[in-house]
Amino acid sequence: MAQIVIGGGPASSVGGSASSVGGIDGPGALFPACGPGEFFSLDEDEYRQVITASVQEADGRLPVVAGIGYGWAQAARFARIAEEAGADAALVLPHYLVKAPGAGLVAQLRQIAARTRLPLIAYQRDQVAFGVDSVRELAAIPGVIGLKDGHSDLDRLQRLKLAAPEDFLFFNGAATAEVQARPYASIGVTAYSSAVHAFAPEIANAFFAALRDGDDAAVERLLRDFYVPLVELRDRGTGYAVSLVKAAARLRGRPVGPVRAPLTDPGPDDLAALEELLATGLDLVGATTR
């Protein structure tokens, strides 16, 4: 599974032929082997297959930003594989377990950047959080081009954005990011990652078009009748931010298989609720389940 980034921002920093990272015409970058792609459950051979297939599918039309992670040494190994597979950039996922100071987080990115030619986007969420001074240092590292945010603390994020150079990219990386797309856009962060695009691109594209065109009625209808209920369903189970995406893809006839341990697939009641919600969302945009 791969997320799509839509919103605003220059693609020239990432690579590929898209006119923008989430440009005004729609999807602008493909992010394989990240959270919904279960990076944490892939061995190196599987990872290579995922990135290679993504690059082949994108075929130069979109930049491919591969997920990498763990400690800097392992992240550099995955970055090397992604580079060999033809990826255009890498998203540095939060490291495992420990909470680290800003200086350590910056040092981690510096170590990875020194070992790959790929442009890097840092991802702050969970135990990873950059401060203003850390973002200034981060932006000064050659090859580090942006920050994806999953904390949704917009007061703090605005201060980070103001402290960074104007060409430093920022992404809305909140879970079910569409729900917070308007608040993020209010501080100038218009690019966001859409897991919904992985299983219902019709809904994701309709939401983006309504947001882009200032159609508040359509935005609120999709939020009220699809996205917010999806968040409420997601919150029923631990790990559902991933397992619901794969379950929904299977409902659309895509043989993506189950999630891997330690995640678990939705139970029968939640799966039925997902199927009903998916049908509702597709009906809202004039599409069908199959």
Side-chain angles (χ1 to χ4, degrees), residues 3 5-14 20-24 28-29 31 34-35 65 67-69 72 75 89-113 118-195 208 211-212 214 216 219 223 227 231 241:
Q3 287 181 299
V5 161
I6 41 189
S12 58
S13 298
V14 176
S20 67
V21 175
I24 61 171
F31 281 57
C34 295
V65 184
I68 63 173
W72 65 259
L91 176 70
V92 183
L93 299 166
H95 62 270
Y96 173 68
L97 189 62
V98 295
K99 188 171 183 179
L105 297 174
V106 172
Q108 161 117 328
L109 268 293
R110 188 174 285 115
Q111 293 278 13
I112 299 168
L118 293 178
L120 301 177
I121 300 168
Y123 192 3
Q124 66 167 15
R125 65 178 299 161
D126 299 322
Q127 73 272 22
V128 173
F130 292 93
V132 168
D133 291 340
S134 297
V135 164
R136 289 195 184 103
E137 290 186 66
L138 197 66
I141 299 173
V144 177
I145 63 169
L147 178 69
K148 183 177 180 183
D149 174 69
H151 288 295
S152 302
D153 182 342
L154 297 186
D155 171 74
R156 183 168 162 274
L157 182 61
Q158 181 165 245
R159 282 181 273 136
L160 299 185
K161 190 172 184 299
L162 292 170
E166 289 187 6
D167 62 349
F168 196 69
L169 304 177
F170 282 86
F171 300 87
N172 166 5
T176 318
E178 285 91 342
V179 173
Q180 300 197 55
R182 287 192 293 188
Y184 271 86
S186 73
I187 63 167
V189 180
T190 56
Y192 61 90
S193 57
S194 175
F208 169 71
L211 188 67
R212 176 197 61 198
D216 289 338
V219 168
L223 288 174
Y227 282 100
V231 168

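- The side-chain heavy atoms of Phe170 and Ile187, taken from C-beta on, include no pair separated by under 4.5 Å.
- Nearest heavy-atom pair across Val65 and Leu91 is CG1-N, 3.7 Å.
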Problem set entry | Verdict with supporting geometry, Asp133 and Arg136, side-chain contact (heavy atoms from CB on, under 4.5 Å) | CA-CA 5 Å; Asp133 291 340; Arg136 289 195 184 103; 3.0 Å; yes
Output a table of donor-acceptor pairs, distance under 3.5 Å, between side-chain atoms of residues 118-126 and any protein atom two or more places apart or on a different chain; print 'none' if there are none.
unit_1	atom_1	unit_2	atom_2	d
Tyr123	OH	Arg125	NH1	2.8
Tyr123	OH	Gly173	O	3.0
Gln124	OE1	Phe130	N	2.9
Gln124	NE2	Asp149	OD1	2.7

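- In terms of heavy-atom proximity, Arg156 sits nearest to Gly131 at NH2-N, 4.1 Å.
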Problem set entry | Residue pair Ile68, Ile112: steps toward the side-chain contact (heavy atoms from CB on, under 4.5 Å) verdict | CA-CA 10 Å; Ile68 63 173; Ile112 299 168; 4.0 Å; yes
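- Contacts of Arg182 classified as side chain to side chain contact (heavy atoms under 4.5 Å, CB included), with partners at least two apart in sequence or in another chain: Leu211, Asp216, Val219, Glu220, Leu223.
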Considering only distance and modelled atom types, tabulate donor-acceptor pairs under 3.5 Å from the side chains of residues 140-148, sequence neighbours left out.
unit_1	atom_1	unit_2	atom_2	d
Lys148	NZ	Ser193	OG	3.3

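- For Gln158, there are no side chain to side chain donor-acceptor pair (under 3.5 Å) partners two or more places apart in sequence or in a different chain.
- Judged as a ring pair (Phe, Tyr, Trp, His ring centres under 6.0 Å), and not counting sequence neighbours, Tyr184 has no contacts.
- Taking every heavy atom of both residues into account, Ala103 and Ser134 meet most closely at N-OG, 4.5 Å.
- Sequence neighbours left out, not one pair with a member in residues 143-165 passes ring-ring contact (aromatic ring centres under 6.0 Å, His included).
- Contact record, Leu154 with Pro183: CD1-CB, 3.4 Å, taken as the closest heavy-atom pair.
- Between Tyr192 and Phe208, the ring planes are tilted. Angles from 30° to 60° get that label.
- A distance of 15.0 Å separates CH2 in Trp72 from NE2 in His95, rounded to the nearest 0.5 Å.
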For this session: Please assess Val135 against Lys161 for the test side-chain contact (heavy atoms from CB on, under 4.5 Å), listing each intermediate value before the final yes or no.
Result: CA-CA 9 Å; Val135 164; Lys161 190 172 184 299; over 6 Å; no
Exercise. Could you walk me through whether Asp155 and Leu157 pass the side-chain contact (heavy atoms from CB on, under 4.5 Å) check?
Worked result: CA-CA 6 Å; Asp155 171 74; Leu157 182 61; over 6 Å; no
